[in-house]
Amino acid sequence: MTETCYRHPKRETAVSCSSCGRPICPECMTPSPVGMRCPECMRERTKVRSGPAAFAPGGIQFPATIALIVINVIVYLVEISSGPGGLSAPGVSFVNHYGLFGPSVAEGEVYRLLTGGFLHASITHVGFNMFALFFLGRLLEPAIGTTRFVFLYFASLFGGALGALLLSPDALTIGASGAVFGVFGAAFVIARGRGAGAVAQSIGIILVLNLAISIGSPEISLGGHLGGLVVGVISAFVILAGERGRLGTRHLPAELIAIAAIGIVSILGALAIA
């Protein structure tokens with residue numbers, strides 16, 4: 001089926017903007033060193049890269065990714081400082097007070113939906129999650145922008161809380177895995193949506209392996225991983241829809257509102273389950 005220009009719906013075209021991927025007619029095309037761009041992308045100071053270039057290391061920085069890693073590490077240091085000593089011995093009382101736990105959430109400790117996503121059980125736990133976040137964040141954040149990335153991360157975190165309570169409401173759950181799986185799913189969808197098939201395939205293989213590990217390990221919160229993954233994937237489709245002009249001309253605010261709404265629905269769902 002032939003696409004039509006996002007600014008002139010009655011004009012058929014086979015050309016898409018090399019930055020955002022939206023179809024554009026000859027009137028809307030502006031030549032650039034990396035192909036034809038739409039008027040909006042030409043006006044942007046910071047271009048959103050597409051295809052494999054959008055996932056290349058270097059270039060645009062990833063401040064939110066670094067900030068989230070620093071926060072998680074600091075929180076883990078606070079954990080172990082309240083424990084019996086040692087990098088793998090976080091304070092039990094600290095984790096019990098701030099970890100995700102359905103009965104406590106039901107009693108009004110709603111903050112656990114957020115704080116549980118920044119706690120970890122061991123140095124291996126926090127190390128693996130932060131390595132995955134660094135690997136994925138340095139790819140995804142420059143590709144979609146810091147603001148989108150932050151909204152997606154926290155929506156996925158709350159989606160992970162919803163999934164964890166849905167499958168194990170009476171279990172104490174901690175870790176950034178729900179948010180990380182959301183970033184995993186979003187990176188896969190964005191890569192495929194922008195034509196970076198090889199990158200998407202690599203991410204997909206790693207994602208499937210991690211899901212297999214989650215299913216085969218009883219101590220891992222499968223619900224948290226799946227909840228974060230689902231929210232991350234949905235948020236990524238929202239971002240792609242915005243880039244392709246399906247959310248109006250001012251697509252960024254619409255994307256952020258939609259992703260925030262997904263996060264709020266996750267919070268309300270978690271409260272209802274708790």
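By convention here, the first residue in the shown sequence is residue 1. Computed from a predicted structure; not experimentally measured. Note: hydrogens, waters and symmetry copies are ignored here, and every other heavy atom, side chains too, is used.
A 4.5 Å side-chain heavy-atom check between Cys38 and Cys28 finds every atom pair outside the cut-off. Side-chain atoms of Val231 and Phe158, non-hydrogen and from C-beta on, never get closer than 4.5 Å to each other. Side-chain contact between Asn129 and His120 is present, with heavy atoms from C-beta onward closer than 4.5 Å. Side-chain atoms of Ile262 and Val238, non-hydrogen and from C-beta on, do get closer than 4.5 Å to each other. Looking at Leu133 and Tyr153, their side chains come closer than 4.5 Å, going by heavy atoms from C-beta outward. By the 4.5 Å heavy-atom criterion applied to side chains, Leu172 and Val95 are counted as neighbours.
The aromatic rings of Phe181 and Phe184 are tilted relative to each other, their planes meeting at an angle between 30° and 60°. The aromatic rings of Phe154 and Phe118 sit tilted relative to each other, their planes meeting at an angle between 30° and 60°.
Distance alone, capped at 3.5 Å, is enough to place a donor-acceptor pair between the Glu141 side chain and the Thr65 backbone. At distances below 3.5 Å, at least one donor-acceptor pair connects side-chain atoms of Arg194 with backbone N or O atoms of Ala143. Arg138 contributes no side-chain N or O that, together with a main-chain N or O of Phe134, makes up a donor-acceptor pair within less than 3.5 Å. In this structure a side-chain-to-backbone donor-acceptor pair under 3.5 Å is present from Ser221 to Gly224. Put simply, the side chain of His125 gets close to the backbone of Ala121: a donor and an acceptor are under 3.5 Å apart.
Side-chain heavy-atom separations under 4.5 angstrom define the hydrophobic clusters, and the remaining members of the one that includes Ile264 are Leu268.
In Tyr111, the OH atom is crowded: over 12 heavy atoms of neighbouring residues, nucleotides or ligands sit closer than 6.0 Å.
Applying the salt bridge (Lys or Arg N to Asp or Glu O under 4.0 Å) test to residues at least two apart or on different chains, the pairs with a partner in residues 110-124 are Glu109-Arg112. Pairs of residues two or more places apart, or lying in two chains, never qualify as side-chain hydrogen bond (donor to acceptor under 3.5 Å, both in side chains) while including a residue from residues 202-212.
The two residues Val180 and Leu136 have their closest heavy-atom pair at O-CD1, 4.0 Å.
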